[in-house]
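Presented below is the structure to which this report refers.
FYI, the numbering just counts along the sequence from 1. For the numbers below, each heavy atom of this structure counts, side chains included, while hydrogens, waters and symmetry mates do not.
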Amino acid sequence: MDTKDKKELSESDIKAKFITPAIVKAGWDEMTQIRREVTLTPGPVVVRGNMSSRNKKKKKFADYVLQKEKGVPVAVIEAKDNNQTISHGLQQALGYAELLDVPCAFSSNGDGFASHNKTAADTEDTETEFGLDEFPSPDALWERYKGFRGIAEPEEALVTEPYYDDGSGKEARYYQAEAINRVIEKVAQGEKRLLLVMATGTGKTYTTFQIIYRLWKAKKAKRILFLVDRNILADQTLVNDFKPFGSVMTKIRNRKIDPSYEVYLGLYQALTGPDEEDKIFKSVSRDFFDLIVIDECHRGSANDDSAWKEILEYFENAIQLGLTATPKETKYASNIAYFGEPIYTYSLKQGIQDGFLAPYKVVRIDIDKDIQGWTPPEGMKDDLGNEIERREYNQIDMDRILVLNQRTRLVAERVMKLLNATDPFQKTIIFCEDIDHAERMRKAITNAAGQLAKDNSKYVMRITGDSIEGKAELDNFIDPESKYPVIATTSELLTTGVDAKTCKLLVLDKTINSMTTFKQIVGRGTRIEESQNKYFFTIMDFRKATELFKDPDFDGEPVVIYEPEDDDDPVPPDPDGEGDQGDDDNDEDEGVKKFHVSGVEVRILSERVEFLGEDGQMVTESYRDYSRKNIRREFASLDDFLQKWNSAKKKAAIIEALAEYGIELPKLAKEVRKDYGDFDLICHIAFDQPPLTRSERANSVKKRNYFAQYGDKARAVLEALLDKYADEDIASIENNSVLKLDPFKRLGTPVEIINGVFGGKAQYEEALQALESELFKQAS
């Protein structure tokens, strides 16, 4: 092909005509080993005000991912058109290679390949270029991968054991595949204590299923125990992610381990207990299980006095894999001391930046009696006639020692104010100090909700360990298809493990001192559920709990501070307040006397809204501020914008470029609350220009007698286009389909208007361009 002709080809053409054939010629199977146009991350969701959109500028999209087997990537290729150099895309490819943790990255413009090889010997160049017919074979890149990952020859069969494939084409996300492959590789290398740290909402159970499936199919683990601490977790797993195991899988029931199965889902309370006869795990041999996976292992499995620990010690010869979003590292318990350093970590921060997890906005509310304190008058008695101890009470005392009924009412009314202003049917969890507080909050929400609660008695439910009725509604609360309950008041039961995908509002009216507990609570809202239009969630904080976002430990690496106790020492406290709860809320402060007081007025002292910024820090900027900043990233100055706007054949291209940042101009117009067109919005918001409404801009053109140069029919069409702009903005008149609508169809068909009135498509487009230039003339 002529060099000049090649430079006129699109990137897609370069891939189809040159790059793909070169890869296939090197021996790569086009159906199983070459993945094309792979979205590695969708880009983060931007939330400002009550609006959200994706920043597609930060989407990570690989042109090619080469894999040894499905889910085992070995290299990345970035393609460019022939106007770029061979190595132009190499830096981009390297970023993707680091994400996938593979040693080889390539780029190509169709003339040849540029290569970066992390396994190159000291005597070799790390980066080289070579011709199209010299691309490495699958065996060559697999050898590099094995060297890079430390995979020895005897381990290869297990490492390449296929993933489970349901035929739907579903692929593991990049971090899920990396977590799965890391575990398989470590098991192949003989390691038996493994820890995976994956943020809530990132698919730990799906990841676990693929790990178990591959080890089971390879006969590396013939009997597997998946150990959980709540019935709902076992039941969800049984019918969802683990369903493909079918008849070889069972849930341990009736305190009996049936040896005829291969995959067991076990509630640890069903396997052990305080008395020796309760320890049914001892009814099978110590070598019965080959693999034990411990879900939510931060909840006690690594604690010296934990009932989980004795199960793990009994089956000490088994491979043991701990899963958690929040590894517990305290003086009294340590996941890392037991399982070792995490072999892979995928954090909440990374998940939000990638766009797999929902970001959050925070509404921080300070109540006067919490912040300024309250001291009862001398001799004041509570509602039950008990004399109130005379001292200053503040936030730490509220609802634990001092119950101000007006405070509970105020919180409930503020929650309902937010819900009514957005969506009164968005799933909401209110975290309370204890069960008593959760019940009082349920009552206060019922009263504040008014007709909503009257229409359905399950609008708000207390879901705590002691409430049979509430627990019975838990499945409905977490079911995206079930409307009720809408609001759940709780204390501990919903802090962890419950898969509430559609939860959009978390209310914190609970003192939270534990980073582990805080992370778990935040995790209740981090799932994105596109089918339910859930892309972000709101945290309403009445207790300053969200100050923990500022703590470096919030998304930092866990630090081991474990200090094992002597056998003679008393049972250590549980600093996270979690213990081994099973399905109950063991959170009552037994013996603590509470004073219930009515008649003390409370008010909101201050309120502020913050959003998650691009750097992971909380910011107070509005959607308007965010848009201004990013428009100025796209256009260096007003002159730069005007030049590009006026030269653009279709203004939709500029609007789409801004949408890549997550800037949606209709949403921005709602915030400004004026009838400005896209052009004026951009000029006004980003460059402080005095704006005109669309009608003002259209009328200005009419006053200039611009249409005198046209015949009657052409003038009628252009005046109608101008009116359409005033009503609907620029995008509507740039689409020729507008000519099918009133009033144009009274003037003829689109073909008759374009050819008969204007003399052809080129002349019609020229007239439209001239109209647009006139529309935006005075601002240029």
Side-chain angles (χ1 to χ4, degrees), residues 6 11-38 40 60-82 84-157 159-163 171 174 177-178 181 184-185 188:
K6 197 172 186 179
E11 182 182 304
S12 295
D13 290 334
I14 291 291
K15 287 190 285 188
K17 293 177 180 291
F18 299 99
I19 301 176
T20 299
I23 302 168
V24 172
K25 186 178 179 182
W28 293 88
D29 187 283
E30 198 165 0
M31 297 299 293
T32 62
Q33 293 183 309
I34 303 174
R35 293 181 66 197
R36 291 184 245 189
E37 299 178 351
V38 181
L40 299 176
K60 294 176 181 175
F61 180 87
D63 289 313
Y64 298 86
V65 174
L66 304 183
Q67 55 188 21
K68 170 66 173 175
E69 303 286 348
K70 180 179 179 180
V72 185
V74 296
V76 179
I77 305 173
E78 183 61 28
K80 298 296 177 185
D81 65 42
N82 199 247
Q84 310 297 333
T85 63
I86 290 176
S87 64
H88 187 80
L90 194 55
Q91 286 190 157
Q92 191 175 347
L94 273 169
Y96 300 152
E98 288 177 8
L99 204 66
L100 297 174
D101 198 24
V102 297
C104 297
F106 302 91
S107 72
S108 178
N109 65 352
D111 289 339
F113 289 95
S115 166
H116 183 105
N117 177 13
K118 294 181 181 181
T119 65
D122 293 341
T123 57
E124 299 175 318
D125 288 336
T126 302
E127 293 200 357
T128 57
E129 292 185 5
F130 48 82
L132 286 175
D133 59 351
E134 298 176 75
F135 193 80
S137 69
D139 287 343
L141 291 191
W142 178 238
E143 288 302 315
R144 292 186 195 178
Y145 179 86
K146 287 194 296 180
F148 181 68
R149 303 278 287 220
I151 300 168
E153 211 65 41
E155 302 157 6
E156 187 172 343
V159 169
T160 56
E161 178 67 39
Y163 280 61
E171 298 269 359
Y174 84 87
E178 182 61 11
N181 292 337
I184 300 297
E185 288 169 17

Practice problem: Tell me, with the steps shown, if Glu30 and Arg36 meet salt bridge (Lys or Arg N to Asp or Glu O under 4.0 Å). | Solution: CA-CA 10 Å; Glu30 198 165 0; Arg36 291 184 245 189; 2.5 Å; yes
Can you tell me how far the [atom1] atom of [X] sits from the [atom2] atom of [Y], to the nearest 0.5 Å?
| X | Y | atom1 | atom2 | value |
| --- | --- | --- | --- | --- |
| Ile23 | Phe113 | CD1 | CZ | 5.0 Å |
| Leu94 | Glu127 | CG | CD | 6.5 Å |
| Glu78 | Leu90 | CD | CG | 10.0 Å |
| Asn109 | His88 | CG | NE2 | 10.0 Å |
| Glu161 | Glu69 | CD | CD | 9.5 Å |
| Glu129 | Ser108 | CD | OG | 10.0 Å |

With no hydrogens and no angle check, do the side chains of [X] and [Y] hold a donor and an acceptor under 3.5 Å apart?
| X | Y | result |
| --- | --- | --- |
| Thr20 | Tyr64 | yes |
| Asp29 | Thr32 | yes |
| Tyr163 | Asn181 | yes |
| Tyr96 | Gln92 | yes |

Quick one: closest heavy-atom pair of [X] and [Y], and the distance?
| X | Y | answer |
| --- | --- | --- |
| Arg144 | Ser115 | NH1-OG, 4.3 Å |
| Gly71 | Ala177 | O-CB, 3.9 Å |
| Ser107 | Ser87 | OG-CA, 3.3 Å |
| Val159 | Val72 | O-CG2, 4.1 Å |
| Ala114 | Ile86 | N-CG2, 3.3 Å |
| Val102 | Pro73 | CG1-O, 3.2 Å |

Self-check item: Full working for side chain to side chain contact (heavy atoms under 4.5 Å, CB included) between Leu40 and Leu100
Solution: CA-CA 9 Å; Leu40 299 176; Leu100 297 174; 4.1 Å; yes
Exercise. Please state whether the rings of Phe135 and Phe106 are parallel, tilted or perpendicular, taking 30° and 60° as the class boundaries.
Key: tilted
Quiz item: Counting only N and O atoms by type, is there a donor-acceptor contact under 3.5 Å from the side chain of Asn82 to the main-chain atoms of Lys6?
Solution: no
Quiz item: Does Trp28 use its side chain to pair, donor to acceptor, with the backbone of Pro136 at less than 3.5 Å?
Solution: yes
Quiz item: Could you go step by step and tell me if Tyr145 and Leu66 meet the side chain to side chain contact (heavy atoms under 4.5 Å, CB included) rule?
Solution: CA-CA 11 Å; Tyr145 179 86; Leu66 304 183; over 6 Å; no
Quiz item: Do we get Lys60 above Tyr174's six-membered ring, with its NZ or CZ under 6.0 Å from the centre and within 45° of the axis?
Solution: no
Exercise. Give the intermediate values and the outcome of side chain to side chain contact (heavy atoms under 4.5 Å, CB included) for residues Val74 and Phe148.
Key: CA-CA 10 Å; Val74 296; Phe148 181 68; over 6 Å; no
Side-chain contact test, heavy atoms from C-beta onward, threshold under 4.5 Å: evaluate it for [X] versus [Y] and give yes or no.
| X | Y | value |
| --- | --- | --- |
| Leu132 | Lys25 | no |
| Lys68 | Lys146 | no |
| Val76 | Val38 | no |

Self-check item: More than 12 heavy atoms of other groups within 6.0 Å of Gln91 CD
Solution: no
Exercise. Check step by step if side chain to side chain contact (heavy atoms under 4.5 Å, CB included) holds for His116 and Thr126.
Key: CA-CA 6 Å; His116 183 105; Thr126 302; 3.5 Å; yes
Exercise. Report the C-alpha distance between Arg149 and Glu155 in whole Å, list the side-chain angles of each, state the deciding distance to 0.1 Å, and finish with yes or no for salt bridge (Lys or Arg N to Asp or Glu O under 4.0 Å).
Key: CA-CA 11 Å; Arg149 303 278 287 220; Glu155 302 157 6; over 6 Å; no
